[in-house]
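Please read all numbers here as calculations on a predicted model, not as lab measurements. Residue numbers count from 1 along this sequence.
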Amino acid sequence: MRKRIEYIDVVETLAIFFVVCCHNKALLGQSVLATAILQFTTTVAVPLFFMANGALLISRPLDLKKHLTKTGMLVTAVFAWRLLTWFLVMPFDTKTYSQIGAVNLINYLLGGTTSAYIPVEDYWYMYRLIAIYLFCQLLNWPIIMIQKSSSI
């Protein structure tokens with residue numbers, strides 16, 4: 001088992017707290033201070049998560065097969081969850097399933113929407129996280145090559 005990186009745990013804990021603050025305005029109240037805290041947390045929370053994920057990805061040696069498998073599992077889970085949401089919400093929509101069509105369903109799975117009842121924003125974080133998973137290793141690849149060439 002790998003040793004935990006404590007400072008990343010602290011960053012993620014702060015990010016979790018800030019996201020909870022963002023999503024629950026009632027915790028903070030209506031004061032000027034509460035508004036300032038909310039402004040701060042909405043600006044900082046998600047970038048902290050992205051930085052922690054990027055730091056963890058870049059700090060590990062690249063195993064391309066394992067990385068692509070894990071990223072594929074994440075993509076599959078997001079698509080399955082969106083599809084489940086679509087099937088549960090669409091009966092309440094004014095459009096019928098036959099009016100939606102395959103193209104709109106694919107658009108929805110890729111981040112678009114086909115229903116006024118399903119906001120696209122529900123999954124925005126997951127699509128950005130998938131992009132980070134894919135591109136972090138591409139950015140890490142030159143660093144790995146430099147390290148390999150300098151160790152020879």
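A search for side chain to side chain contact (heavy atoms under 4.5 Å, CB included) contacts involving Val19 returns His23, Ala45, Phe49, not counting sequence neighbours. Taking the side chain to side chain contact (heavy atoms under 4.5 Å, CB included) definition, one finds that Thr42 meets it with Cys22, Leu38, sequence neighbours left out. Legend: residues meeting ring pair (Phe, Tyr, Trp, His ring centres under 6.0 Å) with Phe50, ordered by chain and number and at least two apart, are Tyr125. Annotation: side chain to side chain contact (heavy atoms under 4.5 Å, CB included) contacts of Phe17 (sequence neighbours excluded): Cys21. Annotation: salt bridge (charged side-chain N to carboxylate O under 4.0 Å, His left out) contacts of Asp63 (sequence neighbours excluded): none.
Gln39 has its side chain out of reach of Val44: every pair of non-hydrogen atoms, C-beta onward, lies at least 4.5 Å apart. The side-chain heavy atoms of Glu6 and Val10, taken from C-beta on, include no pair separated by under 4.5 Å. Contact of the Trp81 side chain with the Leu84 side chain is registered, since non-hydrogen atoms from C-beta on lie closer than 4.5 Å. For the pair Arg4/Asp9, a side-chain contact is recorded, criterion being any heavy-atom separation below 4.5 Å from C-beta on.
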Q: Begin from the C-alpha positions of Met73 and Val78 and carry the test side-chain contact (heavy atoms from CB on, under 4.5 Å) through to its verdict.
A: CA-CA 9 Å; Met73 289 171 54; Val78 170; over 6 Å; no
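Both Leu134 and Phe79 are assigned to one and the same hydrophobic cluster, defined by single-linkage of ILVMFWY side chains at heavy-atom distances under 4.5 Å. A single hydrophobic cluster is seen to contain both Ile132 and Val75, as judged by linkage of ILVMFWY side chains at heavy-atom distances under 4.5 Å, directly or through other members. In the hydrophobic cluster analysis, where Ile, Leu, Val, Met, Phe, Trp and Tyr join through side-chain heavy atoms closer than 4.5 angstrom, Met51 is grouped apart from Phe135.
With values rounded to the nearest 0.5 angstrom, Leu14 atom CG is found 11.5 Å from Thr41 atom OG1. Summarising the geometry, atom OH belonging to Tyr133 is positioned 7.5 Å from atom NZ belonging to Lys70; distances are rounded to the nearest 0.5 Å. Taken to the nearest 0.5 Å, the CD1 atom of Ile8 stands 9.0 Å off from the CG atom of Asn53. From Leu48, atom CG reaches atom CD1 of Ile16 across 11.0 Å, with rounding to the nearest 0.5 Å. Remark: Leu74 CG to Met126 CE distance equals 4.5 Å, nearest 0.5 Å.
Screening residues 29-48 for ring pair (Phe, Tyr, Trp, His ring centres under 6.0 Å) gives Phe18-Phe40 as the qualifying pairs, with residues at least two apart or on separate chains.
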